[in-house]
Amino acid sequence: MSDAATDLVIHDSFSRTKRPFVPITPGHVGIYVCGPTVYSDTHLGHAKSYVSFDVVVRWLRFTGLRVRHVENITDVGHLVDNSDDGEDKLIRTARLSEVHPLELAEKYARLFFSDMDALGVVRPDISPRATGHILEQQALIRELLARGHAYEVNGSVYYSVASFPEYGRLSGRDTEEGEVGHRVAVRGEKRDPRDFALWKRAEGGHILRWESPWGSGFPGWHIECSAMSCRYLGESFDIHGGGLDNQFPHHECEIAQSRGAGHGFANTWMHNNLVTVEGRKMSKSLGNFTSITQALEKNEADLVRLWVLSTHYRSQVDYSVQGLDALKGALERLRAALRSVSEAVTAAATPAATTDAAFLAEVATAEAAFTAAMNDDFNTPLALGALFDLARVLNTGVARGGLSRAALETGRARFLALGGEVLGVLDAASAAPAGGDAARYVDLLIETRQRLKAAKAFDLADWLRKEIAARGVVLEDTASGPRWRFNA
RNA sequence: GGCGCCAUAGCCAAGCGGUUAGGCAGCGGAUUGCAAAUCCGUUAAGCCCGGUUCGACUCCGGGUGGCGCCUCCA
């Protein structure tokens, strides 16, 4: 093992095995994640994919690696269907609403970023747009023509799949003897039905078009990712990620293009599984399509993240009311522990205590379990188990008392590092006391109840607690006095 | 039709050839004026049929069931 070796093991979709992760350049990671085609609302599938890869990137950075995360914005639409009639999704949608295709792309790109921000997804370092990289795409196409992997017909350029024997290996399919013309309409221009477009001739009304050596046209579905990953990460880079639904044909074509051009391309392929809603595939036709905006109206962002991370990224995750409800309790448990330890830090005695060592050892054990889980192909469900173990360690330590401020602060910091910095489901603000205009009135009600208790007027005190609870205020009496918060 | 994934307790979800996953829910106890939160204990599992093994939830084979991809989709 070279000195570039890490403790991390990643499941590589291409070899279908878990392999030790060894960065090409020690200490650095280049990762390319397939971004969205910006032509409609962001949905739960995006949430699953981009929260998953967000945690991948966060973990890589947490372990000390320097990461460059590139994620494209596809603003040249993919073809609407396989009949190659040349109309792409962006143009079709734009024509229907009578706006320029790039107006539409801009609108949905902004929505994508705002939704991802709301989910706490750290923005990619570079978000290259397909329309901004036409020259790079043309250059790659020229290279493929020169190497005999592509051919031009009537102003369009197609990739010759027969020239690349590895085609189909990523997705595990044998394309040698596909049923010609059954599911895939054969267009006269293609020499082989498996061939796919690198460059398309623009027909009369096509708005998005660029001049090229082959005439006026626009790039094919897949070439942008090959061109842009190369530009920003180099001919060979560490990780390529994306949704399982992109494995074929998109990623298969990317491999054919990049390797056909002589590039090493991605060392490791990661594919996240898909989202179901109430047990069924999420799709517009089934009517269970859920946008991120809709999901965030009903659930806090932390809860949506927890939902994604409670299942392994390579497993399907089901979005259901029942499932989300169960996670609310789990999230509250984590927050309660954070609040509890945060208050204890403030109240704790400063000098080192004899019980510190045992406490810190338990903290370290939980963190080690967390680390082992994440290093095993980003096993977030298992890591969450360790995080809950850590919550228990903190709760127990606080309840027993006698710990030094430094020890408690360490426990709190490790908890926030794992649950916050790495998983993004916890933050210091969620442990902060409730504020806002209503807070001082609530404080008054709490103080009133304290006085009723002091006067042994327990029936009135209980009544008051019930009343404010009905108005969304959760009240807890602790050893150090009452604590309250608004119920989310 | 081709390819792939999964079947774990009431629900969600991991690891592991023999040793407590974890969360939600339930039950008992501690604590509390009563609660809440917390802690301790506890209930509860491995779709079916074979095989390998001293021993299988964990490996192999065969069933059955569910899901997904194969068409734009994360």
Side-chain angles (χ1 to χ4, degrees), chain A residues 16 33-37 39-40 42-53 74 77-83 88-89 92 168 171-175 177-179 182-185 221 241-250 271-276 279-284 289 306-307 310-318 320 322-334 336-337 339-340 369 372-373 376 379-389 391-392 394-400 453 456-459 461-462 465-466 469 474-479 482-484:
Chain A
R16 293 155 198 262
V33 177
C34 274
T37 302
Y39 73 106
S40 67
T42 314
H43 54 74
L44 285 177
H46 297 107
K48 158 105 169 150
S49 186
Y50 298 123
V51 168
S52 294
F53 283 109
T74 297
H78 296 165
L79 295 172
V80 167
D81 59 31
N82 238 5
S83 62
D88 75 36
K89 289 185 299 193
R92 167 177 282 185
S171 51
R173 65 194 66 214
D174 175 18
T175 61
E177 293 299 330
E179 311 111 280
H182 276 228
R183 298 185 59 89
V184 181
W221 322 357
L244 198 54
D245 52 345
N246 271 333
Q247 198 174 51
F248 185 90
H250 185 55
H271 288 96
N272 63 274
N273 216 314
L274 309 182
V275 171
T276 56
R280 302 195 63 190
K281 173 189 177 176
M282 180 179 72
S283 74
K284 286 177 178 171
F289 188 89
L306 188 62
W307 165 69
S310 65
T311 303
H312 189 86
Y313 76 87
R314 288 191 283 112
S315 298
Q316 293 177 1
V317 65
D318 187 54
S320 70
Q322 197 182 27
L324 271 287
D325 276 350
L327 288 170
K328 281 181 189 168
L331 181 59
E332 180 49 35
R333 179 170 171 75
L334 294 176
R339 280 195 297 271
S340 175
D376 185 9
N379 191 332
T380 55
L382 188 58
L384 279 168
L387 191 65
F388 282 103
D389 287 341
R392 175 173 297 109
L394 298 180
N395 284 331
T396 303
V398 169
R400 283 182 188 154
K453 281 174 61 182
K456 304 285 184 197
F458 293 121
D459 52 342
D462 290 347
R465 181 173 60 199
K466 217 169 106 183
V474 178
L475 175 61
E476 297 169 9
D477 288 334
T478 73
R483 169 206 294 168
W484 70 271

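To find a chain, count down the sequence lines: A is the first, B the second, and so on, and within it residues start at 1.
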Parallel, tilted or perpendicular: ring planes of His43(A) versus Phe289(A), cut at 30 and 60 degrees: perpendicular
Closest to the 5' end of RNA chain B, once Ala337(A) and Asn379(A) are matched to their nearest nucleotides, is Asn379(A)
Can you tell me the distance, in whole Å, between the OH atom of Tyr313(A) and the P atom of A74(B)? 19 Å
Would you say Asp376(A)'s side chain and Ala372(A)'s backbone share a donor-acceptor pair under 3.5 angstrom? no
Say you pick atom P in C6(B) and the same atom in U43(B); how far apart are they, in whole Å? 31 Å
In whole Å, what separates the P atom of A36(B) from that of G26(B)? 11 Å
With the side chain defined as heavy atoms from C-beta on, Ala399(A) is closest, among C67(B), C73(B), U38(B), to U38(B)
Side-chain-base donor-acceptor pair under 3.5 Å for Asp462(A) and G33(B): yes
Taking atom C1' in both C67(B) and G28(B), what distance in whole Å separates the two? 40 Å
Watson-Crick or G-U wobble partner for G61(B), using a 3.5 Å limit on both distances? C49(B)
Among A13(B), C34(B), G33(B), the one nearest any side-chain atom of Arg465(A) is C34(B)
Distance between C1' atoms of C16(B) and G55(B) (Å, rounded): 14 Å
With rounding to the closest Å, how many angstrom separate the C1' atoms on G68(B) and C73(B)? 13 Å
So which nucleotide from C69(B), U38(B), C73(B) ends up closest to the side chain of Leu274(A)? C69(B)
Asn272(A) has an atom CG; how far is it from atom P of A74(B), in whole Å? 11 Å
Results of side chain to side chain donor-acceptor pair (under 3.5 Å) for Thr478(A) - residues two or more places apart only: Ser480(A)
Between C5(B) (P) and Gln247(A) (CD): distance, integer Å: 11 Å
Dump the pairs, protein N or O against N or O of nucleotides 20-26 of chain B, anything under 3.5 Å, distances to one decimal.
from, atom 1, to, atom 2, distance (Å)
G23(B), OP1, Arg392(A), NH2, 2.9

Please classify the nucleic acid contact of Gly242(A) as base, sugar-phosphate, or nothing, using heavy-atom distances under 4.0 Å. sugar-phosphate
For a quick check of understanding: with a heavy-atom distance under 4.0 Å over all strands, which category does Tyr50(A) fall into, base, sugar-phosphate or nothing? sugar-phosphate
Report the relative orientation of the aromatic rings in Tyr50(A) and His46(A); use parallel for angles under 30°, tilted for 30 to 60°, perpendicular for over 60°. parallel
Base-pairing mate for G26(B) - Watson-Crick or G-U, with both contacts under 3.5 Å: U42(B)
Rounded distance in Å - CG (Leu306(A)) to P (A13(B)): 13 Å
Taking A14(B), A74(B), G68(B) as options, the one with an atom nearest any side-chain atom of His312(A) is A14(B)
Given side chains that start at C-beta, do those of Asn272(A) and Lys48(A) come closer than 4.5 Å, heavy atoms only? yes
Rounded to whole angstroms, how far apart are CG on Asp477(A) and P on U38(B)? 15 Å
Gap in Å between the two P atoms, one belonging to U8(B) and one to G66(B), rounded: 14 Å
Any side-chain N or O of Asn395(A) less than 4.0 Å from the OP1 or OP2 oxygen of C39(B)? yes
Within the structure shown, what part of the strands sits under 4.0 Å from Lys453(A) by heavy-atom distance: base, sugar-phosphate, or nothing? base
Counting only side-chain heavy atoms from C-beta out, which of A74(B), A35(B), C70(B) sits nearest to Phe248(A)? C70(B)
Asn246(A) side chain, from C-beta outward: closest of A74(B), A14(B), C67(B): A74(B)
Watson-Crick/G-U partner (both atom distances under 3.5 Å) of G17(B): none
Decide yes or no on side chain to side chain contact (heavy atoms under 4.5 Å, CB included) for Arg333(A) and Arg392(A), but give the supporting numbers first. CA-CA 9 Å; Arg333(A) 179 170 171 75; Arg392(A) 175 173 297 109; 3.6 Å; yes
Name the residue closer to the 5' end of RNA chain B, choosing between Arg483(A) and Arg16(A) according to the nucleotide with the nearest heavy atom. Arg16(A)
Side chain of Thr37(A), heavy atoms from C-beta onward: which of A74(B), C34(B), A13(B) has the nearest atom to it? A74(B)
Looking for any heavy atom pair under 4.0 Å, which part of the strands does Gly45(A) touch: base, sugar-phosphate only, or nothing? base
Just call it for Val33(A): base, sugar-phosphate, or nothing, with non-hydrogen atoms closer than 4.0 Å on any strand. nothing
Checking base pairs now: Watson-Crick or wobble, both atom distances under 3.5 Å. What partners A36(B)? none
For the residue pair Trp307(A) and Val275(A), establish whether any side-chain heavy-atom pair is separated by less than 4.5 Å. yes
Separation between the P atoms of U38(B) and A56(B), rounded to whole Å: 40 Å
Would you kindly give the CZ-to-P distance between Arg339(A) and A36(B), to the nearest whole Å? 16 Å
Would you indicate what Leu44(A) reaches in the nucleic acid, counting non-hydrogen atoms under 4.0 angstrom: base, sugar-phosphate, or nothing? nothing
Could you state the atom-to-atom distance from CD of Gln316(A) to C1' of G4(B) in whole Å? 11 Å
With rounding to the closest Å, how many angstrom separate the P atoms on A37(B) and A74(B)? 41 Å
Examine the base of C39(B) for any acceptor or donor lying under 3.5 Å from a partner atom in the side chain of Arg400(A), and report the outcome as yes or no. no
Short side-chain N/O contact from Asn273(A) to OP1 or OP2 of A74(B), under 4.0 Å: no
Just N and O in the side chain of Lys466(A): are any of them under 4.0 Å from OP1 or OP2 of C34(B)? no
Taking the side chain as C-beta and beyond, is there a heavy-atom pair between Ser340(A) and Leu394(A) under 4.5 Å? no
What is the base-pairing partner of C3(B), counting Watson-Crick and G-U wobble geometry with both distances under 3.5 Å? G68(B)
Residue list, side chain to side chain donor-acceptor pair (under 3.5 Å) with Arg314(A), at least two apart or on another chain: Asp377(A)
Run the numbers on Val317(A) and Leu44(A) for side chain to side chain contact (heavy atoms under 4.5 Å, CB included), then give the verdict. CA-CA 10 Å; Val317(A) 65; Leu44(A) 285 177; over 6 Å; no
side-chain N/O Ser315(A) vs A14(B) OP1/OP2, d < 4.0 Å: yes
Please give, in whole Å, the distance from C73(B) P to Lys281(A) NZ? 12 Å
Between Thr311(A) and Pro381(A), the two heavy atoms sitting closest are C-CG, 3.5 Å
